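Written below as structure tokens is the structure these notes are about.
Bear in mind the structure is a predicted one, so any value in this text is a computation, not a measurement. Sequence lines set the chain letters: A, B, ... in the order given, protein chains first and strands last, and positions in each chain run from 1.
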2 protein chains.
Amino acid sequence: MTTESRKQREIREREELILSAAQTLLHEHGYNHLTMDRVAETVEYSKGTIYNHFTSKEDLVCSLGCRCISNLIDVFERAYQYSGTTRERYSAIGIGYSLYNQLHPMDAQNVQTVKNNAVREKVSEYKLAEMETLEQKITTIARSIVQEAIDCGDLDKSHQDDVNTIVFGCWSMHYGALLLDQSDIPLQQLGFSPVVNMLWKNANIYLDGYQWQPSSTTIDTDKLFEKISSALFADEINLLKQAV
Amino acid sequence: MTTESRKQREIREREELILSAAQTLLHEHGYNHLTMDRVAETVEYSKGTIYNHFTSKEDLVCSLGCRCISNLIDVFERAYQYSGTTRERYSAIGIGYSLYNQLHPMDAQNVQTVKNNAVREKVSEYKLAEMETLEQKITTIARSIVQEAIDCGDLDKSHQDDVNTIVFGCWSMHYGALLLDQSDIPLQQLGFSPVVNMLWKNANIYLDGYQWQPSSTTIDTDKLFEKISSALFADEINLLKQAV
DNA sequence: GACAAAATTTGACGTTCCGTCATATTATTG
DNA sequence: CAATAATATGACGGAACGTCAAATTTTGTC
């Protein structure tokens, strides 16, 4: 009983030790510098032990990705619980997503790494399933808000069949934007504004296209951004300010 | 003179030989199966010779990416020359992009691989610059159409400052959508429709948000999709039908 | 055409890193 | 305390990258 649970706790704790060591290596020197030997050396266990926890380097990296998605779920849940219009709550998700990615650019990069087929090939089935479950959880939150908007009339009932399309639209827009932002394409040099600004504007325009009330043309969007981010993401904002 | 140009031609031809061998390997067995030794064996030159053309495996893969972007530029240029409203021409870009990615899913995956920092680190400066130039060319085409829309009044002049934001919005939406489509996330299982359909709908809604005339609410969008794709991308459509 | 110099090609080799597995060590149980 | 089970270890095999001295081919000159 006690023995068993102590054992399990030890295993879990070591797993976390490995994960945080890996994350540090990843953040400080990038994917190529993260090697299983280095991880083993850092946590002072042998490589074999690391492989008792993770079936491959890619499996380890995927676990880090799962962690990030869990963090994002927190962000999404906070947004979900915001007391405002459905549109504000939905926008809050996007804002949270943007801020999280600004704060942890490496995390998003890492999640994207796992999407790469060459990497994905080597991740264990089990871990892939875990990631999928987490992603499903995230889309469910987004979907709920869209559905509530239809139910309360903020979104026209004629869009009932578009719930998934709307979720997908915002998802793809944010996902694409943040990936472009990260991928060393010199957007600023190409004449583009900071991505968070463009994204906020575009998301609003997109939702206006669906006539999700209240339209962004009737309100001060800068103020709304400010309001939501200070209400829900004060910590993130502070950290971001410190970073600059 | 002749000698010099013959030499250069030989080099260029061999480079193409290497690239197409690499592409085949990549398409048939994925990134991990693509090795420099295998490429060398396939083209019947030694590895050293391959390295005279490409500074690393990643550099070779990046060259393949550049090829894909060149193909996309063709697509974009066709769209640019379409004789229709500015909105139709801009939409044509998106349609072309979607179709190209449907037809060559591996290509898009490959371009994305190069965006990954772990890969990018190892690409030569020269090749990165080449890719950047090509990407710049693409955004310029998109930007031109938006500008023309403003000039002719299809888009309100108040959006003059948003030209880049509009280009970025469509780009990110399409880019994100197609990446999500490729990344083994079982979208259909999660209840989502085929990505090309959602993307077409969302792009229209987005442009409606900017009130780019004529609004999608006043026309039959299915017909428009049909019209544009058969006018500009008949070849691609045929190939897609054959593939099914 | 012969020979020297320059350019190019070659593949064996050094290195890095992954993942395994026989052996050593520690823990559990009777 | 001894036998057995569970776990940890790191030396090792293998795959792939990228290099470079030597071999080969091409170019240039007389």
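In this structure, CD of A:Glu10 is placed 14 Å from P of C:dT26, rounded to the nearest angstrom. If you take CZ of A:Phe54 and P of C:dT20, they are 15 Å apart, rounded to a whole angstrom. At whole-Å resolution of the value, CD in B:Glu41 and C1' in D:dA16 are 14 Å apart. Following rounding to the nearest Å, A:Glu15 (CD) and D:dT7 (P) show an atom-to-atom distance of 14 Å. One atom, NE2 of A:His29, and another, P of C:dC17, lie 13 Å apart when rounded to the nearest Å. Rounded to a whole Å, the NE2 atom of A:His53 is 14 Å from the C1' atom of D:dT9. Between the CE atom of B:Met36 and the P atom of C:dT16 there is a distance of 19 Å, given to the nearest Å. If you take CD1 of B:Ile50 and P of D:dG18, they are 13 Å apart, rounded to a whole angstrom.
Listed by residue number, the members of residues 56-63 of chain B with any heavy atom below 4.0 angstrom from DNA chain D are B:Ser56, B:Lys57, B:Glu58.
For B:Lys122, the side-chain atoms get nearest to D:dG18 when compared with the rest of D:dG18, D:dA16, C:dC18. Among the nucleotides C:dC18, D:dC17, D:dA8, the one closest to any side-chain atom of A:Thr35 is C:dC18. If you check C:dC18, C:dC17, D:dG18 against the side chain of B:Tyr51, the one that comes closest is D:dG18.
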Scan nucleotides 10-15 of chain C nucleotide by nucleotide, 5' to 3', and note B when protein non-hydrogen atoms come under 4.0 Å of the base, S if they reach only the sugar-phosphate, - if neither. BB----
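The ring-ring contact (aromatic ring centres under 6.0 Å, His included) contacts involving residues 56-80 of chain B comprise nothing, where partners must be two or more places apart or lie in separate chains. Every pair passing ring-ring contact (aromatic ring centres under 6.0 Å, His included) that includes a residue from residues 29-49 of chain A is listed here, sequence neighbours excluded: A:His29-A:His33. Residue pairs that meet the side-chain hydrogen bond (donor to acceptor under 3.5 Å, both in side chains) test with at least one member in residues 125-136 of chain A, sequence neighbours left out, are A:Ser63-A:Lys127, A:Lys115-A:Glu135.
When the side-chain nitrogen and oxygen atoms of B:Arg38 are compared with OP1 and OP2 of D:dA15, none of them lie within a distance under 4.0 Å. A sub-4.0 Å separation between OP1 or OP2 of C:dT8 and a side-chain N or O of B:Arg14 is absent.
B:Asp59 places a side-chain N or O within donor-acceptor distance of the main-chain N or O of B:Ser124, the cut-off being under 3.5 Å.
Among all heavy-atom pairs drawn from B:Tyr100 and B:Asp107, the shortest one is OH-OD2, 2.7 Å.
Not counting sequence neighbours, the partners of B:Asp181 by the side chain to side chain contact (heavy atoms under 4.5 Å, CB included) test are B:Leu187, B:Val195.
Within the cation-pi definition used here (under 6.0 Å to the ring centroid, within 45° of the axis), B:Arg143 qualifies as a partner of A:Phe192.
Within 6.0 Å of CD on B:Glu41 lie no more than 12 heavy atoms contributed by other residues, nucleotides or ligands.
Backbone-only contact: A:Leu34 has heavy atoms under 4.0 Å from sugar-phosphate atoms and none from a base.
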I'd like to know whether B:Arg78 forms a salt bridge (charged side-chain N to carboxylate O under 4.0 Å, His left out) with B:Glu236, so could you lay out the CA-CA distance, the side-chain angles of the two residues, the decisive distance to 0.1 Å, and finally the verdict. CA-CA 13 Å; B:Arg78 265 189 278 165; B:Glu236 283 82 352; 2.8 Å; yes
